[in-house]
Amino acid sequence: MKHFNRLFLREWHLRLRWYTIGGVGIAIILGLLNVGFESIVGLLLLLGLAYPLRFLWEWRHSSYSAVEYITLPVSMSEKWFVRWHIMTLWMPAVFFISGFAGETIADVIYEGTVSFSLNGNTLWGYLLTWWILSGVFAIGSLFFRRYTLIKTLGIMLMFFLLLHIVGTIAIDWDAVLPYLEEMGGVIKWISQYTLSFAAFWAGVGSISGTATAYILLAITIGWIWLITWYRFKEIEA
Amino acid sequence: MSAVEIKGLKFGYGKREPLFEGLNLQFKQGHIYGLLGPNGAGKTTLLKLIIGALFPKSGQVKLWGVDAYKRNPEPLARTYFLQEEFALPPWKPSLIAELHGGFYPKFQKDKFYEVLERLGRVPEKPVSNFSRGMKQKVSIASALATNSDLLIMDEPFRGLDIPSRRELRRLIIEHATPDKAIIISTHELREVHNLIDHVVFLWSGQVLLSASTEKLSSTINIVEDVDKPLDALYSEQVAGKWRAIVPGKASQPLDLEFLFVGLTRSEQLREFFSNYKIKQS
């Protein structure tokens with residue numbers, strides 16, 4: 001992991017800064033619209049797919065940024081690890097922190113106090129859904145380097161369906177339905193499919209609960225703070 | 001050692017007609033290559049194949065002895081590709097030197113600023129707001145500061161003003177030590193005719209010509225006469241005189257631009273080079 005910090009910093013200055021600022025901005029607007037925490041996070045999650053989609057587009061078209069990225073003398077596995085790290089840790093952290101920001105603002109404006117309570121199962125559901133989606137895109141992008149758009153989308157769809165079938169067989173819908181109800185709002189309107197997928201993972205997460213959700217959140221906030229401090233310390237040096 | 005070795009390369013985009021079929025080519029250390037060819041001949045595609053951004057359908061493209069498509073860090077650390085198209089990030093030049101330089105083991109920050117100074121100072125502002133020429137200067141400074149053993153430049157003179165072009169020629173000559181190979185793909189032949197020592201001309205998916213300028217000068221001559229030379233491989237009338245490419249030793253420095261025009265227009269000249277077998281010399 002010789003070049004991890006450099007690659008991460010490069011990505012921060014290229015894209016992540018704007019995803020972070022954009023995520024918080026959208027969350028605040030949605031918060032003002034009082035759409036609810038789950039919906040804010042769900043919407044941000046869907047918007048976050050623009051990040052891996054952009055990579056797919058860049059790889060496919062060998063665009064300037066992709067070619068420049070390819071020619072960097074760093075192993076492909078290390079390059080992929082950094083992007084994977086961003087997709088699985090940084091992006092969800094941005095979504096959740098932004099979601100909190102939006103929801104807190106809405107609480108203060110509409111209720112005059114912060115009365116926020118977090119459902120751990122929902123959090124797990126969204127987080128795992130994002131991980132699965134970003135994973136599908138990461139796998140898709142590997143194929144995208146060699147195959148046509150249609151073939152790649154086909155491979156991704158098959159992978160997605162496979163996960164969904166496994167999920168459907170394993171799922172106890174009676175146990176999951178309450179979680180499904182909790183996740184109404186904008187996300188439901190945007191993507192019923194994502195929602196059902198999230199519901200499945202929410203079911204998986206039912207072993208955890210609210211305490212786990214707070215621990216998870218504390219870890220992500222701690223991590224995001226630590227990594228930002230560390231990266232900037234390096235560039236200043 | 002060859003910086004790049006291409007054997008039996010076949011490549012095409014999608015299901016379209018292959019762009020290259022059975023292409024063989026070498027780029028060796030100690031030379032400045034001019035990669036020439038008409039629009040659509042595949043110059044940029046070939047450069048992308050060399051750095052591993054595109055994959056051959058068959059055949060081999062070796063970069064410093066390793067398959068380019070594997071994108072191994074070792075050969076890439078010795079190679080720099082200056083692209084023609086720009087989408088520079090909104091970074092200041094100092095941040096570019098900081099973020100970019102760390103990946104290249106021989107990167108010299110001092111050289112980065114020295115090259116910028118020589119090409120014409122650029123402000124310490126986000127480069128995405130710069131003019132095309134200023135962006136080019138920053139990119140050239142990044143490229144030369146890496147001290148790469150293989151420097152690939154796609155249209156490096158594009159957008160530069162006249163003093164900067166002159167300075168860039170000097171910088172390239174300074175960079176061209178015996179352990180380095182430089183490939184310049186360009187249409188601006190007047191900028192490189194005194195710079196390159198080897199010409200590679202792509203035509204119809206093949207290397208029509210790969211020869212040192214010295215060998216070319218001993219193979220063809222460009223003459224001017226009131227009468228059209230009988231042995232002309234290519235000729236055109238300019239201001240009442242005939243200007244022609246004829247077989248024989250050159251009596252004056254080679255006019256690359258005229259040779260380029262001749263190669264694109266004259267079947268006879270193309271056949272001449274095919275028959276003389278000076279490819280891969």
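In what follows, every chain begins at residue 1, and chains take the letters A, B, ... in the order their sequences are listed.
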(message) Parallel, tilted or perpendicular: which one describes the rings of B:F103 and A:H3, with boundaries at 30° and 60°?
(response)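 Ring orientation, 0 to 90° scale: tilted.
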(request) Side-chain contact test, heavy atoms from C-beta onward, threshold under 4.5 Å: evaluate it for A:I70 versus B:F81 and give yes or no. (result)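 Heavy-atom side-chain distance check fails, nothing below 4.5 Å.
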(message) Is there a side-chain contact between B:L99 and A:R6 in this structure, where contact means two heavy atoms from C-beta onward sitting under 4.5 Å apart?
(response)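 A side-chain contact is absent here, since even the closest heavy-atom pair is not under 4.5 Å.
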Counting only heavy atoms not in [X], do more than 12 fall under 6.0 Å of its [atom1]?
{"X": "B:K57", "atom1": "NZ", "result": "yes"}
{"X": "B:K180", "atom1": "NZ", "result": "yes"}
{"X": "B:K109", "atom1": "NZ", "result": "no"}
{"X": "B:R121", "atom1": "CZ", "result": "no"}
{"X": "B:E124", "atom1": "CD", "result": "yes"}

(request) State, to 0.1 Å, how close B:W91 and A:L14 come at their nearest heavy-atom pair, and which atoms those are. (result)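 Smallest interatomic distance, heavy atoms only, reads CZ2-CG, 3.5 Å.
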(request) Determine the option with the most heavy-atom pairs under 4.5 angstrom with chain A, choosing from B:P105, B:A77, B:P90, B:P73. (result)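 The option with the most such pairs is B:P73.
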(message) Nearest 0.5 angstrom please: B:R71 CZ to A:T71 OG1, how far?
(response)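 Reported to 0.5 Å precision, the distance equals 10.0 Å.
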(request) Quick one: pull up OG in A:S75 and CD in B:E74 and give me the separation to the nearest 0.5 Å. (result)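 That separation rounds to 9.0 Å.
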(request) List the steps, then state whether side chain to side chain contact (heavy atoms under 4.5 Å, CB included) holds for A:R10 with B:H100. (result) CA-CA 8 Å; A:R10 190 177 168 277; B:H100 172 85; over 6 Å; no
